[in-house]
Amino acid sequence: MNSVAATRRAFDDDTDVPSASIADEVAAIARKDLAPIAPAIDSGTIYPADLLRRLGEVGAWGSHRPNNGAAEVCGATAFMAWCQNTLVWYAVNSSNPALVADFADGAATGKILGGTGLSNPMKSFFGIEKLKLKGRRVDGGYVVRGALPWVSNLGPDHYFGTIFEIENQPGEIVMFLADCADPAIKLQPCTPFLAMDGTGTYSVQFRDVFVPNAHILAELAGPFVRKIRAGFILLQTGMGLGLIRDCITIMNEVVEPLGHVNRYLPQQPGHFQDLLSDLELETMELARDPYNADDSYWRRVLALRLHIGEASVAAAHAAMLHCGARGYLKSHRVQRRLREAYFVAIVTPATKQLRKMLADA
Ligand SMILES: Cc1cc2nc3c(=O)[nH]c(=O)nc-3n(C[C@H](O)[C@H](O)[C@H](O)COP(=O)(O)OP(=O)(O)OC[C@H]3O[C@@H](n4cnc5c(N)ncnc54)[C@H](O)[C@@H]3O)c2cc1C
């Protein structure tokens, strides 16, 4: 089976058999190769391109399961995993045969790396901000200009999916793949973040970039986004679920020395274990049907995403309180998990946007 078919099958399939072995391989790479470099990724001294390609080779980007294995070890890598997964998700769902031929397998196997610039469009669809990219039709494609403030998992040979509005035609939107190797695209390094500095995140300027027809994901971006939006959000769940799992591990690690006093804390590892089981169950149930167009399904996806963001912050906060002074050391991973947890809650759709979307739905 090629990776496009595998991607579709893994998302649709009820059986966990093929993905379970991929999950094991991802977890093994995460424990062996990712754990030692997680602090360097966190501080921004490493962008782990080789590791991302290796994860692609074992099928991580073709399986389309939320990537908990990487998230148990490193939130930044889990975020890059999501970025890469969105690139594949866009390519395999496109009905442009030239684009599918050029990108779907390459991205699913990790030969092509990249991500997504949908934060601004996602916010624009819900009346939070205006679209930042504008395009005009020319022979063989479009010319696009504008700037996006943050796009992650990028490098000089990477691609990402985003959306522009056709000039003077409000509401006419086109989704495409941007090619970072194009000299008219400028990647500007961002000022340091609280976490996520090794995620290849740049501000991206489009200086009259020619986008060929072969790079158009969807001439009508509206229906395309409605098709891919649940998958886009469900794939983010891995970042939070893996992080919560590690926070439970951290709390359990200090039971022996500190359990006699930690038992007075209101939130215990068992509480988060129950919560995690519920969230995982709901994730897997919703992930079986990512093309479901019902409003009630969409509301469940939004509610799950909101709960995972809030539970991530709560679990990391509790883990910090359980660790006490030993967790306050820069060398302890719990302070990194706490910083990473806030990202789960603020990356688009952010907690406030999700609450607005649920209020408006
Ligand atoms: C580390 C990191 C990686 C990200 N990666 C991606 C990605 O790969 N793809 C993607 O599409 N989005 C990415 N984002 C954006 C992210 O998904 C959110 O959109 C962002 O965190 C803000 O969301 P918000 O809903 O809280 O908006 P708010 O912060 O409430 O508002 C966002 C708007 O406020 C303004 N603004 C905010 N901060 C500044 C600032 N420092 N200077 C000037 N103006 C500012 C801008 O107009 C911006 O559009 C990334 C953000 C971060 C911090």
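Residue numbers count from 1 along this sequence. All ligand and atom numbering here is 1-based and tracks the order in the structure.
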By the definition salt bridge (charged side-chain N to carboxylate O under 4.0 Å, His left out), identify the one residue from Arg337, Arg336, Arg31 that meets it with Asp246. Arg337
Residue-level breakdown please: for Ala350 versus ligand 1, do any non-hydrogen atoms fall below 4.0 Å on the side chain, on the backbone, on both, or on neither? side chain
Under 3.5 Å between some N or O of ligand 1 and some N or O of Glu129? yes
Take Val174 and Ile166, measure what side-chain contact (heavy atoms from CB on, under 4.5 Å) needs, and give me the verdict at the end. CA-CA 7 Å; Val174 177; Ile166 300 180; 4.0 Å; yes
How far does CG of Asp294 sit from CG of Asp289, to the nearest 0.5 angstrom? 8.5 Å
I need the atoms of ligand 1 closer than 4.0 Å to a non-hydrogen atom of Val347, numbered in the order shown. 17 (O)
Answer yes or no: is there an ion pair linking Glu57 with Arg54, defined by an N-O contact shorter than 4.0 Å? no
Contact region, Thr116 to ligand 1, non-hydrogen atoms below 4.0 Å, reads backbone
Pull out every atom of ligand 1 sitting under 4.0 Å from any heavy atom of Gly117, numbered as shown with elements. 11 (O)
Can you label the angle between the Tyr159 ring and the Phe103 ring as parallel, tilted or perpendicular, going by 30° and 60°? perpendicular
When you look at Leu302 and Leu306, which way does the side-chain contact (heavy atoms from CB on, under 4.5 Å) test go after all the steps? CA-CA 6 Å; Leu302 297 178; Leu306 175 65; over 6 Å; no
Atom 21 (O) of ligand 1 - nearest protein heavy atom and its distance: Ile346 O, 3.6 Å
Atom 42 (N) of ligand 1 touched by protein (heavy atom, under 4.0 Å): no
Once you round to the nearest 0.5 Å, how far does CG of Leu133 lie from CD1 of Ile163? 9.5 Å
Atom 2 (C) of ligand 1 within contact range, any protein heavy atom under 4.0 Å: yes
Could you tell me whether Trp150 and Phe160 have their ring centroids closer than 6.0 angstrom? no
Protein contact of atom 53 (C) of ligand 1 - nearest heavy atom, named by residue and atom, plus distance: Phe193 CE2, 3.7 Å
To the nearest 0.5 Å, tell me how far Leu52 CG sits from Gln84 CD. 7.0 Å
For atom 5 (N) of ligand 1, which protein heavy atom lies nearest, and how many Å away is it? Ser152 OG, 2.7 Å
Are Glu167 and Tyr142 close enough that a side-chain donor and a side-chain acceptor fall under 3.5 Å? no
Nearest protein heavy atom with distance in Å, relative to atom 29 (O) of ligand 1: Lys352 NZ, 4.3 Å
Find all atoms of ligand 1 within a distance of less than 4.0 Å from any non-hydrogen atom belonging to Val151, and give their numbers and elements. 7 (C), 8 (O), 9 (N)
Closest non-hydrogen protein atom to atom 10 (C) of ligand 1, residue and atom name please, with distance? Ser119 OG, 3.1 Å
Could you check whether any side-chain N or O of Ser94 sits under 3.5 Å from a backbone N or O of Leu217, counting only pairs where one atom can act as donor and the other as acceptor? yes
Look at Glu253 together with Arg333 and state whether they make a salt bridge at an N to O cut-off of under 4.0 Å. yes
Report the nearest protein non-hydrogen atom to atom 31 (O) of ligand 1: residue, atom name, distance rounded to 0.1 Å. Lys123 NZ, 4.3 Å
Counting only heavy atoms closer than 4.0 Å, does ligand 1 sit against the backbone of Met80, its side chain, both, or neither? neither
Quick test: of every protein heavy atom, which one is nearest to atom 37 (C) of ligand 1, and how far off is it to 0.1 Å? Trp150 CH2, 3.7 Å
Sub-4.0 Å heavy-atom contact, Phe160 with ligand 1: no
What about the rings of His158 and Tyr47, do their centers lie closer together than 6.0 Å? yes
Between Arg245 and Glu280, does any side-chain N to carboxylate O distance fall below 4.0 Å? yes
Does atom 45 (C) of ligand 1 have a protein heavy-atom neighbour under 4.0 Å away? no
The atoms of ligand 1 lying under 4.0 Å from a heavy atom of Thr201, numbered in the order shown, are 3 (C)
Hey, which atoms in ligand 1 end up nearer than 4.0 Å to a heavy atom of Lys132? 47 (O), 49 (O)
Closest to atom 18 (C) of ligand 1 among protein heavy atoms sits Thr348 OG1, 3.2 Å
At the 4.0 Å heavy-atom cut-off, does Met122 count as touching ligand 1? no
At the 4.0 Å heavy-atom cut-off, does Gly115 count as touching ligand 1? no
Leu118: numbered ligand 1 atoms lying under 4.0 Å from its heavy atoms: 11 (O)
